[in-house]
K.L.:
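Starting off with a structure, shown below.
Model, not experiment: these values are computed from the prediction.
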Amino acid sequence: MRHHHISRRAVTTSALAATAGALLGGSTGVAAATPGRRPADGITLRLPAPTGPYRTGVTTLYLVDRSRRDPLEPGIPVREVMASVFYPARTVRGCRRAPQMTAGAAADFGADGRRSHPELPASGVNWAATMTHSYADAPADAARRRPVLLYSPGGGDARTMGTALAEELASHGRVVVTIDHPGDGCEVEFPVAMTGRETIRPTVLRYDPRTDPGLFRTLIDTRIADIRFVLDQLEALAAGRNPDAAGRPLPEHLGRALDLRRTGAYGHSAGGTAVTQATYDDRRIGAAADLEGYLDRTPETPGGKGELYPVARYGTDRPLLLLGSDGFQDRAGLERSWPAVLSHSRGRACRRQLDRAAHWVFTDYAALVPQLQAAGLVTAADRARMVGTADPAAAVPAVRHHLLSFFARHLPAR
């Protein structure tokens, strides 16, 4: 296993210095990372800017799988999935930048976000004010078809906390589809009403699902089914149909931009578990990246050994990146399943590590939590627990470098 200090990434120190201003919205000093203040609403946090040559558009898809009832809420008669699609834009003229979260989702996150992340402040942040660098419903650049990447977030997290990495990948010529798993992820807002839920659906998670074998199995199985369902809907989109269940108009030429022959997936934590096993189950996924997700099930008895997922038991015949951090509090929990998949994959899987980093460094928290610390809303200890101690001007490019280079090698944007 190769260990990498973030300060010695393939992204060199000089390159980091040159790009840090763009990433953090100005100069490379502390002032650039200090968020602006809104007296009534709290501080406004900023996402790091993408570095690729393409301006990016974003749209939202409301997808309904009528073949499944919702597995986490029996009162919902169908399985619903919300997804965001980030893509290279042909033009952004006349389009507005999209917020990271919808207003309703941001209000719910501000009130309830600490359920999944008790380190976050109970007040003092205007979560609705954070903007993406992508333009809502901009026409897609369909001069050529582009590789497609699916993203599954961590347990209890929403797709919106994977925005910055999705924008980075899209700015380098990919179409990136970030997926919410309702009932699992927090603050999922729907465009229409449905029997059995409110417009904003909260997470069912009140404790670590790894302590509940049945719940963990249900969550991962549901995520895998969601991922495969989204792939089906993308096939409909590429064929010229509109898969949005509410019939909302799509950005111009979006379907023509998809090259589903070059499809990959990446996921964080529970999302890493799901995309890795989904790749084993579904030949449509050509490469996957697991960002610190277990590849074994929760033990049925305390202190026992959980069953390995088939991908760990038998290995993968397609490229797989296992990317972890030295500060993950349960690193030992990966040491049964990750070595197993490596040993059974005949060189198709590789393992890498980020140092001075922790579990949520693979999400938008890598950039946002240091801003919260600078504003006095998060302690140094809580920051280290969530994302590590590395400067975001190093940590953010390090994560981006690993994903960009992995997918460029295995699913190149021609």
K.L.:
Taking the side chain as C-beta and beyond, is there a heavy-atom pair between V81 and D65 under 4.5 Å?
P.N.:
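V81 does not reach D65 side chain to side chain.
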K.L.:
Provide the closest heavy-atom pair for D290 versus G272 in the form atom of the first, atom of the second, distance.
P.N.:
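Residues D290 and G272, closest heavy atoms: OD1-CA, 3.4 Å.
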K.L.:
With a sphere of 6.0 Å drawn around CZ of R55, does it hold more than 12 non-hydrogen atoms of other residues, nucleotides or ligands?
P.N.:
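For R55, atom CZ is not crowded (no more than 12 foreign heavy atoms under 6.0 Å).
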K.L.:
Report the C-alpha separation of E335 and R351 in whole Å, then their side-chain angles, then the decisive distance to 0.1 Å, and conclude whether the salt bridge (charged side-chain N to carboxylate O under 4.0 Å, His left out) test is met.
P.N.:
CA-CA 12 Å; E335 292 309 318; R351 182 173 183 173; 2.6 Å; yes
K.L.:
Quick one: closest heavy-atom pair of A274 and I224, and the distance?
P.N.:
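Closest pair (atom of A274, atom of I224, distance): O-CG1, 3.6 Å.
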K.L.:
Between P48 and A367, which heavy-atom pair has the shortest distance, and what is it?
P.N.:
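P48 and A367 have their closest heavy atoms at CD-CB, 3.5 Å.
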K.L.:
Given 3.5 Å as the limit, does a donor-acceptor pair link the side chain of T130 with the main chain of L45, or not?
P.N.:
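Looks like yes, one N/O pair under 3.5 Å.
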K.L.:
Under 6.0 Å between ring centres, would you say that holds for H402 and F406?
P.N.:
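Between H402 and F406, the centre distance exceeds or equals 6.0 Å.
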K.L.:
How long is the straight-line distance from CD of E292 back to OG of S325, given to the nearest 0.5 Å?
P.N.:
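That separation rounds to 3.5 Å.
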K.L.:
Counting N and O atoms only, with roles assigned by atom type, does the side chain of E167 sit under 3.5 Å from a partner on the main chain of P50, one being a donor and the other an acceptor?
P.N.:
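It does not hold such a pair.
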K.L.:
Judged by modelled atom types alone, do H268 and T363 share a side-chain donor-acceptor pair under 3.5 Å?
P.N.:
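Side chains of H268 and T363: no pair found under 3.5 Å.
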K.L.:
If we ignore hydrogens and angles and just use 3.5 Å, is the side chain of R145 paired with the main-chain N or O of G255 as donor and acceptor?
P.N.:
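Yes, the answer is positive, given that a donor and an acceptor are paired below the 3.5 Å cut-off.
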K.L.:
Is the closest side-chain heavy-atom distance between V125 and L368 below 4.5 Å?
P.N.:
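When only atoms from C-beta onward are counted, L368 and V125 do not touch, as no gap falls below 4.5 Å.
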K.L.:
Would you mind reporting whether M131 and L47 have side-chain heavy atoms less than 4.5 Å apart?
P.N.:
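With C-beta onward as the side chain, the pair stays apart.
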K.L.:
Give a yes or no on this: more than 12 heavy atoms of other residues, nucleotides or ligands lie within 6.0 Å of atom CD of E73.
P.N.:
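Yes - once you tally the heavy atoms of other residues, nucleotides and ligands closer than 6.0 Å, there are more than 12.
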K.L.:
Could you state the interatomic distance from CD1 (I220) to OH (Y309), rounded to the nearest 0.5 Å?
P.N.:
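These two atoms lie 5.0 Å from each other.
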K.L.:
Under a plain distance cut-off of 3.5 Å, with no hydrogens placed, do T44 and N126 share a side-chain donor-acceptor pair?
P.N.:
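Judged by distance alone, the side chains do not pair up.
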K.L.:
List the atom pairs, with distances to 0.1 Å, where a side-chain N or O of residues 155-164 and a protein N or O form a donor-acceptor pair under 3.5 Å, not counting sequence neighbours.
P.N.:
| from | atom 1 | to | atom 2 | distance (Å) |
| --- | --- | --- | --- | --- |
| D157 | OD1 | H117 | NE2 | 2.8 |
| D157 | OD2 | W360 | NE1 | 3.2 |
| R159 | NE | S84 | OG | 2.9 |
| R159 | NH1 | D180 | OD2 | 2.5 |
| R159 | NH2 | S84 | OG | 3.3 |
| T163 | OG1 | T160 | O | 2.6 |

K.L.:
Using modelled atom types and a 3.5 Å cut-off, is there a donor and acceptor pairing between side-chain atoms of S345 and backbone atoms of G347?
P.N.:
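Not a single qualifying donor-acceptor pair exists.
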K.L.:
Do the non-hydrogen side-chain atoms of C350 and L321 ever get within less than 4.5 Å of each other?
P.N.:
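Yes, close enough: below the 4.5 Å cut-off.
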K.L.:
Main chain of L308, side chain of S337: is a donor-acceptor contact present, judged purely on distance under 3.5 Å?
P.N.:
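No; zero donor-acceptor contacts below 3.5 Å.
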K.L.:
Between R383 and T389, does a side chain to side chain contact (heavy atoms under 4.5 Å, CB included) hold up when you go through it step by step?
P.N.:
CA-CA 7 Å; R383 172 205 171 147; T389 59; 5.6 Å; no
K.L.:
Just by distance, with hydrogens left out, do D364 and Q100 show a side-chain donor and acceptor under 3.5 Å apart?
P.N.:
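Yes, because at least one side-chain N or O of D364 sits under 3.5 Å from a partner of the opposite role on Q100.
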K.L.:
About how many Å separate CG of D244 and OG1 of T60, when rounded to the nearest 0.5 Å?
P.N.:
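Interatomic distance, T60 OG1 to D244 CG, rounded to 0.5 Å: 9.0 Å.
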K.L.:
Please report the C-alpha distance between V85 and T178 in whole Å, then the side-chain angles of each, then the deciding distance to 0.1 Å, and finally whether the side chain to side chain contact (heavy atoms under 4.5 Å, CB included) criterion is met.
P.N.:
CA-CA 7 Å; V85 185; T178 63; over 6 Å; no
K.L.:
Heavy-atom distance under 4.5 Å between the side chains of F190 and I200, does that happen here?
P.N.:
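Heavy-atom side-chain distance check fails, nothing below 4.5 Å.
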K.L.:
Looking at R318 and T279, would you say the former's side chain and the latter's main chain have a donor-acceptor pair under 3.5 Å?
P.N.:
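Between the backbone of T279 and the side chain of R318 there is a qualifying donor-acceptor contact (under 3.5 Å).
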K.L.:
Are any non-hydrogen side-chain atoms of L165 and V396 less than 4.5 angstrom apart?
P.N.:
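L165 does not reach V396 side chain to side chain.
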K.L.:
Determine, stepwise, if the pair V387 / F362 fulfils side chain to side chain contact (heavy atoms under 4.5 Å, CB included).
P.N.:
CA-CA 8 Å; V387 300; F362 305 107; over 6 Å; no
K.L.:
If every non-hydrogen atom of A349 is compared with every non-hydrogen atom of V341, which pair is closest and at what distance?
P.N.:
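Minimum heavy-atom separation between A349 and V341: CB-O, 4.4 Å.
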K.L.:
Quick one: are Y280 and T316 in side-chain contact, heavy atoms under 4.5 Å?
P.N.:
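No - every pair of side-chain heavy atoms lies 4.5 Å or more apart.
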K.L.:
I want to check something: taking the side chain as every heavy atom from C-beta on, are T298 and D212 in contact at a cut-off of under 4.5 Å?
P.N.:
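Contact flag for T298/D212 side chains = no.
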K.L.:
Output the distance between atom CD (Q277) and atom CD1 (I227), rounded to the nearest 0.5 Å.
P.N.:
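Here the rounded value is 10.5 Å.
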K.L.:
Flag yes if more than 12 heavy atoms outside R248 fall under 6.0 Å of its CZ atom; otherwise flag no.
P.N.:
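Enclosed.
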K.L.:
Do other residues, nucleotides or ligands put more than 12 heavy atoms under 6.0 Å from R96 CZ?
P.N.:
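Atom CZ in R96 is not crowded, with 12 or fewer foreign heavy atoms closer than 6.0 Å.
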K.L.:
Looking at F216 and R297, what are the two nearest heavy atoms and their distance?
P.N.:
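Smallest heavy-atom distance, with atoms named: CE2-CA, 4.1 Å.
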K.L.:
Between the main-chain N or O of L63 and the side-chain N or O of Q233, is there a donor-acceptor pair closer than 3.5 Å?
P.N.:
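Checking the backbone N and O of L63 against the side chain of Q233, no donor-acceptor pair under 3.5 Å is found.
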K.L.:
Using the six-membered ring of Y54, assess whether NZ or CZ of R146 lies under 6.0 Å from its centre and within 45 degrees of the ring axis.
P.N.:
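Yes - R146 lies over the ring of Y54, closer than 6.0 Å to its centre and within 45° of its axis.
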K.L.:
Taking atom CG of L323 and atom CG of L403, what is their separation to the nearest 0.5 Å?
P.N.:
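Spacing of CG (L323) from CG (L403) equals 7.0 Å.
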K.L.:
Would you tell me whether E189 and T199 have side-chain atoms, one donor and one acceptor, within less than 3.5 Å of each other?
P.N.:
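Short answer, no.
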K.L.:
Which of these passes salt bridge (charged side-chain N to carboxylate O under 4.0 Å, His left out) with D184: R201, R223, R79?
P.N.:
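The passing option is R223.
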K.L.:
Check T51 against S171 and note the closest heavy-atom contact, atom names and distance.
P.N.:
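In this case the closest contact between T51 and S171 is N-OG, 3.9 Å.
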K.L.:
Not counting sequence neighbours, list each pair that qualifies as a ring pair (Phe, Tyr, Trp, His ring centres under 6.0 Å) and has a residue in residues 322-356.
P.N.:
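Ring pair (Phe, Tyr, Trp, His ring centres under 6.0 Å) check on residues 322-356 returns F328-H359.
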K.L.:
Quick one: pull up CZ in F86 and OG1 in T56 and give me the separation to the nearest 0.5 Å.
P.N.:
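With rounding to 0.5 Å, CZ (F86) is 7.5 Å from OG1 (T56).
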K.L.:
Assess whether side chain to side chain contact (heavy atoms under 4.5 Å, CB included) is satisfied between R284 and E235, documenting all intermediate values.
P.N.:
CA-CA 11 Å; R284 292 176 293 181; E235 289 178 343; 3.2 Å; yes
K.L.:
State whether the side chain of T273 and the backbone N or O of Y294 hold a donor-acceptor pair below 3.5 Å, judged by distance alone.
P.N.:
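Judged by distance alone, yes, a pair lies under 3.5 Å.
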K.L.:
Spell out, as yes or no, whether a donor-acceptor pair under 3.5 Å connects the side chain of T379 to the backbone of D382.
P.N.:
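Indeed, once roles are kept as given, a pair shorter than 3.5 Å links the two residues.
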K.L.:
Can you check whether G271's main-chain N or O pairs, donor with acceptor, with S269's side chain at less than 3.5 Å?
P.N.:
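Flag not set: sc S269 to bb G271 has no pair under 3.5 Å.
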K.L.:
For the pair D226 and R68, evaluate salt bridge (charged side-chain N to carboxylate O under 4.0 Å, His left out) and give the outcome as yes or no after the intermediate values.
P.N.:
CA-CA 10 Å; D226 289 347; R68 290 186 289 158; 2.9 Å; yes
